[in-house]
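See below for the structure under consideration.
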Amino acid sequence: MALLRTTSPHLHGPQTTQHVMQQLLLATVPGLIALSWHFGWGSLINIVIASCTALACEATIVSLRKRPAWFYLRDCSALVTAVLIGLALPPLAPWWVVVVATTFAIVIAKHLYGGMGYNPFNPAMVGYVVVLVSFPVEMTTWPVAQSMLPDGLSTPGLWESIQVVFQFSGSAVDSYSSAYHSIDAYTAATPLDSFKHNNGLLAEQFYDQDAWFVGGRWAGAGWEWVNLGFLTGGCYLLYQRIFTWHAPVAMLSALSIMAWLNFDGGSSVSNGSASMHLLSGATMLGAFFIVTDPVTSAVSHTGRLIYGALIGVLIFVIRAWGNYPDAVAFAVLLMNFAAPFIDYYTLPRTYGHEKYGLGKKASTSQQSLDKD
Amino acid sequence: MPELSALQLLLTGVIAMVVLSAVFGAILGFAAIRFKVEGNPLVEQIDALLPQTQCGQCGHPGCRPYAQAIVDEGEAINHCPPGGQATINALANLLDIPAPELDEEHGEEAELKTVAYIREAECIGCTKCIVACPVDAILGAAKLMHTVIADECTGCDLCVEPCPVDCIDMLPVPKSLSDWHWDTPDQAVSTRRNTQLIATDREPDVAA
Amino acid sequence: MNKTWDIPGGIHPPENKLQSLKQGIAEVPLPDILILPLNQHIGAPAMPVVKPGDTVLKGQLVAEPNGFVSAAVHAPSSGAIEAIEDRAIPHPSAMDASCIVIRTDGEDRWVDLHPNRDYRALTIRQLLNLVRDAGITGMGGAGFPSAVKLQPRQSIGTLIINATECEPYITADDGLIRERADEIVIGIDILAQILGNPQQILIGIENNKPEAYTALVNACESAAKNGAITSSIEVVSFATKYPSGGEKQLIQILTGQEVPSGKLPAELGIVCHNIGTVYAVFRAVYLGEPLISRITTVTGNSCTKPGNYEVLLGTPTNHLLGTAGFDEVLCQRLIMGGPMMGYTLNDLNAPVIKSTNCLLAADIVESPAGNPAQACIRCGHCSEVCPASLLPQQLYWYAKARDYDQLANHHLADCIECGACSYVCPSEIPLVQYYRAAKGEIRLIEQEVIVSDRARQRFEYHQERLTKAEQDRTAKREARREEARKKAAELAKNNSESSSADESDVNVDSEVIQAALARVSATKNSPEQELKRLERAVTAAENRLAKAEEKLRQCPDDDSRKKVLEAAVAQTRLRHDDAVNKLSRFKIADIASEQTQSANASAKLADDPTDKDQLASDRASLAIKNAQLKAARQADMSELEKLQNQHDSLQKRVEKARNRLEQAISDNDDNIDAYRVAVEKLDIKLNNSETAIANFVPDDRTSDTLHIEDSEQHN
């Protein structure tokens with residue numbers, strides 16, 4: 001008999017970090033399917049490239065830090081970062097964009113800050129922002145949705161996509177144009193982008209005329225389904241109790257309230273409608289996969305409500321009045337800064353204490369669970 | 001009259017500045033008195049950190065004199081072997097200076113806490129140890145057997161040398177159940193596999 | 001149905017209670033020996049009142065409480081006291097502690113019992129004494145002496161009986177209630193009487209024990225109907241959730257109140273007792289039986305006959321486990337108490353004690369060896385389940401960093417160590433162990449502060465006393481001198497001469513001391529001392545260099561540490577060179593004289609027979625200086641040098657002792673014998689140290705041959 005001498009508890013619940021990460025990966029599937037359905041193979045290729053890069057980077061760094069690589073790879077956290085980057089980047093983005101984003105995320109945003117659990121910023125968003133700022137052309141070249149293509153054309157096949165991604169014939173634009181005859185047919189600004197560059201049309205008119213919104217039901221062809229896919233995944237995660245509802249719900253509510261307050265269909269300078277903000281861009285991906293990242297968010301329930309709500313507000317502010325059409329990454333990174341601060345002011349009230357927050361000088365006498 | 005208004009402007013500015021500085025000065029002065037942080041004198045604070053063995057290994061006749069010497073004469077803070085590195089670190093933290101290593105000229109840090117024990121059958125009642133004890137932890141009278149109050153003994157060793165019949169031993173304090181507590185997992189000898197995995201980034205220190 | 005409140009957090013681990021409820025409470029055959037630890041409770045260990053060889057009867061007092069917070073121990077069966085010695089006890093430290101060992105005679109003969117069927121006729125004091133004399137402690141796990149809890153300073157409005165039993169696996173209370181609800185109700189009535197009949201009596205029970213609930217309700221009703229009890233008891237059932245059985249949690253569930261941090265429930269007018277304790281009180285008062293047995297759940301996959309057993313206290317666990325069909329091969333962990341808060345046992349001979357509510361012999365499926373801890377991902381699950389609304393992950397960071405101030409700020413003291421946070425932690429971090437370690441560390445630090453404060457105070461008094469004594473002496477001397485002068489003035493010239501002689505005597509005395517002290521203090525910063533310090537530094541550096549090189553040599557080539565070691569050697573070499581340089585710059589000869597002088601001074605002082613009192617304080621400071629010198633000399637010395645040094649000091653002491661002996665012989669002192677013994681003993685010590693030096697195996701031959709020659713010269 002091996003009589004172990006360990007401290008209680010001697011039981012452990014079913015949830016492990018690995019399990020959490022696997023559930024997260026599983027929950028991205030509906031969104032990924034929607035992305036692939038509407039925009040072709042690009043996202044899948046992104047994910048494959050990002051995953052390989054992430055695993056290689058993780059293994060290298062972990063070995064450099066003299067720790068067992070397999071132990072760290074097994075928790076799947078690098079894979080989650082990679083998949084999120086793959087989903088966030090434009091489908092058919094050149095391979096090196098994906099590699100740069102992923103490497104930056106794993107090496108600098110994650111491991112230079114101490115590795116898993118210590119990173120103050122969401123690695124996937126750091127990687128995304130780095131390439132967004134560095135390679136604006138590549139990052140704003142989105143393929144159009146399947147449904148918007150002229151008759152007779154369809155999204156590029158797997159081999160064609162690989163050709164585009166690996167730029168067999170030079171730059172991204174060249175790849176597009178050489179693989180297809182007309183680049184314009186395949187790429188376009190995203191719905192949020194087009195709305196931002198609305199030239200003098202009334203908002204309602206714009207919604208009636210723009211190709212994205214003509215092809216879509218609520219918020220742009222394809223995009224709405226992608227967002228609904230991520231929403232489905234998020235609901236699954238909530239059901240599995242991987243995270244609490246506070247942050248995503250707060251973020252989505254804040255965003256919709258902001259959009260609703262600022263929407264005026266009869267104005268040409270109006271901001272987008274609530275449904276457009278909710279179901280376009282990276283809203284749902286952000287709400288359920290980025291904002292809920294425990295490492296970089298606030299901890300208590302109140303803290304998460306504040307954290308989520310402020311992200312929602314920031315997203316709207318940047319989308320409406322900033323330079324970038326989408327803003328999830330920036331909003332999240334800005335709020336990552338604020339998370340410890342929010343934590344500090346949202347400490348729960350401990351049992352037996354009247355005041356919330358830190359005690360000045362608590363008595364430190366030994367107490368145990370007294371069951372007499 | 002533009003000149004006058006310029007002068008007025010200047011005057012207004014000067015007066016405003018004077019009033020403002022007076023007001024803020026008053027506020028600051030009030031705050032300085034009202035919210036004054038009552039600090040112990042430095043000697044008290046240092047003395048509170050010292051282990052109070054009163055052993056004199058630092059070269060001062062007791063802990064308080066050593067604290068006094070640190071403050072007045074700038075004595076080094078690493079002369080206290082009973083306190084060891086923990087005390088040095090605490091002192092360095094208090095005085096906001098880098099923590100030096102223990103100066104081994106004053107002795108080495110003991111691994112075990114000890115107390116004096118008088119083999120009572122052999123004691124001749126000379127009172128020499130009673131005189132030497134800095135904390136009056138030895139009981140006895142001339143020509144009568146002495147004994148050590150173990151709870152009060154600081155383990156300073158000063159009574160051993162004066163004993164003419166060499167009947168004082170320094171015995172390690174036995175570990176008791178009430179002192180026991182769990183170690184943190186990184187210290188504990190655990191049967192878990194690879195417990196050290198997360199515990200530390202570094203390889204075990206290779207002492208120079 | 002009473003209103004209940006919810007507690008924050010909590011978890012729902014698999015209950016695993018059914019397997020031990022298949023059978024009723026079973027008996028355990030009488031074991032051959034019973035081991036009764038003297039400290040089965042929180043508080044001071046009991047004092048034995050028997051000695052080895054005594055025969056005792058069942059229920060006889062064998063150890064009495066030692067202080068207010070302590071509990072008596074009784075013999076659980078008749079037999080003979082075999083020993084009172086340290087044995088393995090059930091404690092997480094796996095340490096041994098003092099136990100009374102009884103070899104049973106198989107007759108199981110009771111002492112005369114004094115039942116009190118009419119307990120209402122007794123006074124509160126009498127009832128309390130009965131509870132105290134029966135050695136009853138909390139039976140739920142913590143083991144706090146019950147009599148103490150029954151005499152709160154505040155008046156009690158609510159008596160809460162804890163029948164929650166929220167830990168998985170344990171069914172001891174459940175089994176007890178099912179079979180002995182009537183007795184329990186009487187026990188509650190007794191407690192109510194002791195507490196001055198509180199307005200409200202609540203029994204808290206989780207809704208996963210419907211049979212027990214019904215049994216209690218029926219018992220209460222029938223007892224109230226036939227007038228057996230006067231108090232009205234409400235049985236309150238609430239949703240099952242761990243850790244609702246914690247005292248503070250149960251109070252929150254039943255009353256909605258929170259026990260203020262650092263305070264006792266009595267401050268709210270609430271007293272909480274475990275239902276097992278209530279049953280023990282019933283037996284102690286109603287039947288007059290002291291606490292000698294309890295109901296313990298023996299369960300786990302390694303037992304073929306899991307169930308509840310009525311077991312005598314002191315029964316070795318292997319005897320109890322044997323009764324329950326224990327398979328040692330299957331057992332992975334043997335846990336005393338529940339799986340959430342119990343501790344593992346290392347020794348199967350450890351006995352069942354008053355607080356043993358469960359023995360869980362878990363196999364590898366039930367209790368797999370934990371995975372290595374992963375990094376905390378701040379998921380916050382721990383703070384979601386914490387019943388005290390703490391921030392476990394913050395506590396974890398601070399406990400790891402040993403930041404005790406921050407731990408206090410984050411209310412570590414309010415952690416009840418229920419283990420819910422560790423249970424849900426996806427990274428499998430042993431959080432509770434961190435908290436326990438930090439709490440223990442904080443407790444020790446607090447104790448140390450108390451001890452050192454006391455030492456400081458005593459030292460200050462000591463100093464004060466010395467100063468005062470000195471002042472008194474001076475005053476007396478002055479007075480004497482004054483008197484002498486007066487006398488001299490009054491008396492004739494002949495008499496005045498003797499007084500002046502007396503005066504000069506005193507002066508000579510103090511001059512000697514002054515000179516000795518001056519010499520000692522002069523050595524402190526003299527160039528000779530400095531030179532020696534440098535020499536020592538060089539020797540030390542040499543030693544360190546040798547050690548470092550040795551380490552490097554031993555280190556295998558492919559080892560990753562090799563580089564570090566090489567760097568270390570290089571650094572040490574630099575330091576060594578530095579020390580050598582400093583020494584060469586500081587060449588002054590003739591150094592020994594000062595030290596011998598100081599030694600002489602101390603010898604002279606120590607042997608000086610005159611005026612011991614006056615010299616005392618000076619001598620203390622001289623001893624300090626000596627100790628300091630000795631320590632300085634010992635520092636940075638090699639093992640052999642230390643031995644050598646010890647040897648030298650021993651030699652000096654031998655000489656001193658011999659001188660003293662001779663003087664004693666010549667003075668015909670009373671203590672000749674003692675001095676002689678001391679000399680003999682010192683001689684033995686000296687011999688030992690010589691052999692130690694002779695047997696010393698030198699590491700580095702070139703340097704040590706010198707020392708050996710050196711030591712031979714000394715001998």
Side-chain angles (χ1 to χ4, degrees), chain A residues 1-13 15-21 66 71-72 75 77 114-118 241-244 293-301 303-304 343 347-354 357-372, chain C residues 13 94 138 140-142 144 162 243 245-248 258-262 273-274 277 328 331-335 339-344 346 367 369 374-380 383 388-390 408-411 413-414 416-419 422-424 426-428 430 432-433 436 439 442-443:
Chain A
M1 179 171 61
L3 286 169
L4 289 171
R5 225 192 102 215
T6 53
T7 188
S8 62
H10 307 282
L11 293 179
H12 191 269
Q15 211 168 68
T16 61
T17 304
Q18 194 183 359
H19 177 250
V20 170
M21 297 296 173
K66 299 204 174 80
F71 180 79
Y72 281 85
D75 67 24
S77 61
M116 168 110 129
Y118 294 89
R241 293 168 180 271
I242 301 295
F243 47 72
T244 57
D293 170 28
V295 178
T296 54
S297 77
V299 172
S300 65
H301 290 170
R304 285 184 175 166
D343 276 343
L347 289 168
R349 186 185 62 82
T350 308
Y351 180 103
H353 289 265
E354 280 181 11
L358 295 181
K360 275 275 163 53
K361 187 78 190 170
S363 84
T364 40
S365 62
Q366 179 97 350
Q367 288 178 15
S368 58
L369 181 46
D370 195 346
K371 290 194 244 163
D372 300 84
Chain C
F144 193 78
N162 188 347
E247 187 176 59
K248 292 172 167 183
E258 290 181 15
V259 183
S261 174
H273 278 278
N274 181 265
T277 317
E328 203 172 324
C331 185
Q332 170 78 9
R333 274 190 228 202
L334 181 60
I335 300 159
M340 294 304 292
M341 288 197 66
Y343 45 85
T344 49
N346 271 39
S367 146
Q374 287 170 288
C376 168
I377 53 169
R378 291 163 46 89
C379 64
S383 40
S389 305
L390 296 164
N409 272 339
H410 283 81
H411 311 303
D414 292 294
I416 57 169
E417 299 173 18
C418 66
S422 302
Y423 178 80
V424 295
S427 296
E428 300 193 47
V432 175
Q433 191 171 349
R436 288 195 170 133
K439 279 183 176 181
I442 290 172
R443 204 181 62 229

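Chain letters run A, B, ... following the sequence lines, proteins first and then strands; every chain starts at 1. Atoms considered below: every heavy atom in the structure, side chains included; atoms not considered: hydrogens, waters and symmetry mates.
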Legend entry - Heavy-atom closest pair, residues A:Tyr351 and C:Lys248: OH-O, 2.6 Å

Legend entry - Over all atoms of both residues, closest heavy-atom pair of A:Ser8 and C:Met340: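 Distance-wise, the nearest heavy atoms are CB-O, 3.2 Å.
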
[X] [atom1] to [Y] [atom2] distance, which is reported to the nearest 0.5 Å:
X        : Y        : atom1 : atom2 : result
C:Tyr423 : A:His10  : OH    : NE2   : 14.0 Å
C:His411 : A:His353 : NE2   : NE2   : 4.5 Å
C:Gln374 : A:Met116 : CD    : CE    : 6.0 Å
C:Ser422 : A:Leu11  : OG    : CG    : 11.0 Å

Could you look at [X] and say if it's the side chain, the backbone, both or neither that has a heavy atom under 4.5 Å from chain A?
X        : result
C:Cys376 : backbone
C:Ser383 : side chain
C:Ile335 : side chain

Where on [X] is there a heavy atom nearer than 4.5 Å to chain C: the side chain, the backbone, both, or neither?
X        : result
A:Asp343 : side chain
A:His19  : neither
A:Ser297 : backbone
A:Arg241 : backbone

Inset, instruction - Output the option from C:Pro339, C:Pro260, C:Gly419 having the highest count of non-hydrogen pairs under 4.5 Å with chain A. - result: C:Pro339

Legend entry - Pairwise side-chain contact, A:Pro9 with C:Val432, heavy-atom cut-off 4.5 Å (strictly under):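 With C-beta onward as the side chain, the pair touches.
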
Inset, instruction - Decide yes or no for C:Arg378 and A:Val299: does some side-chain heavy atom of the first lie under 4.5 Å from some side-chain heavy atom of the second? - result: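 A side-chain contact exists here, since the closest heavy-atom pair is under 4.5 Å.
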
Inset, instruction - Tell me yes or no: between the side chains of C:Ser389 and A:Thr350, is some donor less than 3.5 Å from an acceptor? - result: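 Short answer, no.
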
